[in-house]
**Student:** 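My questions will all concern the structure given below.
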Amino acid sequence: MPELPDVEVFRRYLNSTALHQTIRETDVRAQGILEDLTPTKLQSQLKGRQLESTDRHGKYLFARLDNDDWIVFHFGMTGFLRYFQNGQQAPGHTRALFSFENGYHLAFVLQRKLGKIALTPNVRSYVKKQGLGPDALDRDFGLEDFKEALKGTRSSIKSALMDQERIAGIGNIYSDEILFQARLSPRTRASQLGNRSLEALFQAVKEVLSTAIDSQADPGRMPGHYLLPHREKEGRCPICQTEMKSEKIAGRTSYYCPHHQK
DNA sequence: ACATTGACCTGAGAGC
DNA sequence: TGCTCTCAGGTCAATG
């Protein structure tokens with residue numbers, strides 16, 4: 001779930017729910033998700049503060065506090081946020097709970113404990129520390145930057161797209177969709193791509209990610225010519241009805257249309 | 001430099 | 001019903 005589009009949807013959700021309310025307490029229910037942080041420190045840093053704004057880089061969500069520190073959220077494979085009112089039950093697998101003085105709560109939910117929460121004084125420095133490449137949807141990330149990011153590798157294009165140090169935000173699911181829209185086989189070497197292919201791929205990156213956000217990252221709402229709703233065994237290409245192939249590429253199960261992606 | 005594998009975690013779903 | 005097996009949208013380290 002949590003690739004760039006999902007995290008952007010979470011960011012907007014946080015914006016429309018949990019901003020500008022005083023934090024009463026924090027409850028960490030799985031200590032392992034804290035990065036360089038203890039529950040006590042988190043509580044002391046957050047208590048009495050408010051969330052003022054948000055940012056996102058790749059799959060990372062940042063929420064700025066009114067002392068200009070930032071909370072960092074990473075959602076692993078299964079994470080999401082849920083805002084709810086006093087009296088309602090916290091969702092299952094709530095790993096951290098932020099309670100506000102207005103009687104509402106923001107739950108950080110992970111089924112598998114692969115996500116994390118951190119604090120940082122500065123988004124840029126955190127991004128740098130993680131070694132993340134440019135955010136795939138950043139307006140300043142243009143075709144030339146894209147070509148630059150894919151330079152100097154002999155790996156498959158699938159692997160290069162998912163490499164967060166090259167470009168931040170694309171994971172297994174959306175790399176499949178991007179490659180389908182660009183009509184490229186996931187096994188193609190990144191270094192083999194000519195200018196036309198690189199341009200098509202770049203367009204696909206921007207188009208797929210922004211369309212996914214517009215669709216609330218919900219495959220059921222995506223355009224009819226998208227692969228994602230058919231990304232399952234025995235699924236068929238939405239264009240030619242050929243049965244989708246699936247195989248492990250770059251360590252991840254990948255789906256593609258053998259007719260359209262050669 | 002690459003690909004591959006296993007670890008980290010937990011649960012859903014399939015198959016028996 | 002209940003057991004076992006496989007698999008899952010991410011990342012990291014170790015290995016070949």
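Letters go in sequence order (proteins before strands), and every chain restarts at 1. Fair warning: this is a prediction, and the values are worked out from it, not measured in the lab. All values below were derived from every heavy atom in this structure, side-chain atoms included, with hydrogens, water molecules and symmetry-related copies excluded.
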**Student:** Whole-Å distance between dC12(C) C1' and M77(A) CE?
**Tutor:**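 My rounded result for the distance is 13 Å.
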
**Student:** Check the angle between the aromatic planes of F202(A) and F146(A) and answer parallel, tilted or perpendicular using the 30° and 60° thresholds.
**Tutor:**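 Rings of F202(A) and F146(A): tilted, as their planes differ by 30° to 60°.
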
**Student:** List in numerical order all residues of residues 154-172 of chain A for which some heavy atom is under 4.0 Å away from an atom belonging to DNA chain B.
**Tutor:**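 When residues 154-172 of chain A is checked for heavy atoms under 4.0 Å from DNA chain B, the hits, listed by number, are R154(A), S155(A), S156(A), S159(A).
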
**Student:** Could you tell me if the side chain of K147(A) sits less than 4.5 Å from the side chain of N195(A), heavy atoms only?
**Tutor:**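 Yes - at least one pair of side-chain heavy atoms lies under 4.5 Å apart.
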
**Student:** One pair to check against side-chain hydrogen bond (donor to acceptor under 3.5 Å, both in side chains): Q50(A) and D66(A). What are the steps and the verdict?
**Tutor:** CA-CA 6 Å; Q50(A) 301 190 356; D66(A) 54 6; 5.3 Å; no

**Student:** Using the heavy-atom set of chain A and a strict 4.0 Å cut-off, write down the first and last nucleotide of DNA chain B that makes it in, 5' to 3'.
**Tutor:**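 First-to-last contact on DNA chain B, by the 4.0 Å heavy-atom rule, is dC2(B) to dG11(B).
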
**Student:** Are the aromatic rings of F73(A) and Y60(A) close, with centres under 6.0 Å apart?
**Tutor:**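 Not under 6.0 Å, so no.
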
**Student:** Are F10(A) and F75(A) close enough that their ring centers fall under 6.0 Å?
**Tutor:**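 That pair passes the under 6.0 Å test.
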
**Student:** Is it true that R29(A) and D27(A) make a salt bridge, defined as a side-chain N closer than 4.0 Å to a carboxylate O?
**Tutor:**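 Salt bridge between R29(A) and D27(A), a charged N being under 4.0 Å from a carboxylate O: yes.
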
**Student:** Measuring from E8(A):CD to L137(A):CG, what's the distance to the nearest 0.5 Å?
**Tutor:**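 One gets 8.0 Å once the value is rounded to the nearest 0.5 Å.
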
**Student:** Between R252(A) and dG10(C), is there a contact of a side-chain N or O with OP1 or OP2 at under 4.0 Å?
**Tutor:**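 So the side-chain polar atoms of R252(A) do come within 4.0 Å of the phosphate oxygens OP1 or OP2 of dG10(C), strictly under.
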
**Student:** Does the distance from a Lys or Arg side-chain N to an Asp or Glu carboxylate O, for D55(A) and R64(A), drop under 4.0 Å?
**Tutor:**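 No.
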
**Student:** Using the closest heavy atom to pick a nucleotide of DNA chain C for each, name whichever of L132(A) or T253(A) lands nearer the 5' end.
**Tutor:**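 Nearest nucleotide further toward 5': that of T253(A).
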
**Student:** Just the dot-bracket of DNA chain B, please: which string comes out with Watson-Crick or G-U pairs under 3.5 Å, [ ] for crossing, | for another strand?
**Tutor:** .|||||||.|||||||

**Student:** Using 30° and 60° as the class boundaries, would you call the ring planes of W70(A) and F62(A) parallel, tilted or perpendicular?
**Tutor:**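 Aromatic pair W70(A)/F62(A) classed perpendicular.
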
**Student:** Suppose you measure atom P in dT4(B) against the same atom in dC7(C); what distance do you get, rounded to whole Å?
**Tutor:**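 Per the computed distance, 16 Å lies between those P atoms.
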
**Student:** Got a salt bridge between E199(A) and R196(A), using NZ or NE/NH1/NH2 to carboxylate O under 4.0 Å?
**Tutor:**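 Answer for the salt bridge query: no.
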
**Student:** To the nearest Å, give me how far apart CZ (R112(A)) and P (dT6(C)) are.
**Tutor:**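 The answer, rounded to whole Å, is 16 Å.
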
**Student:** Going from CD1 on I173(A) to CD on E177(A), what distance comes out if it is rounded to the nearest 0.5 angstrom?
**Tutor:**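 Going from the CD1 atom of I173(A) to the CD atom of E177(A) covers 9.5 Å.
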
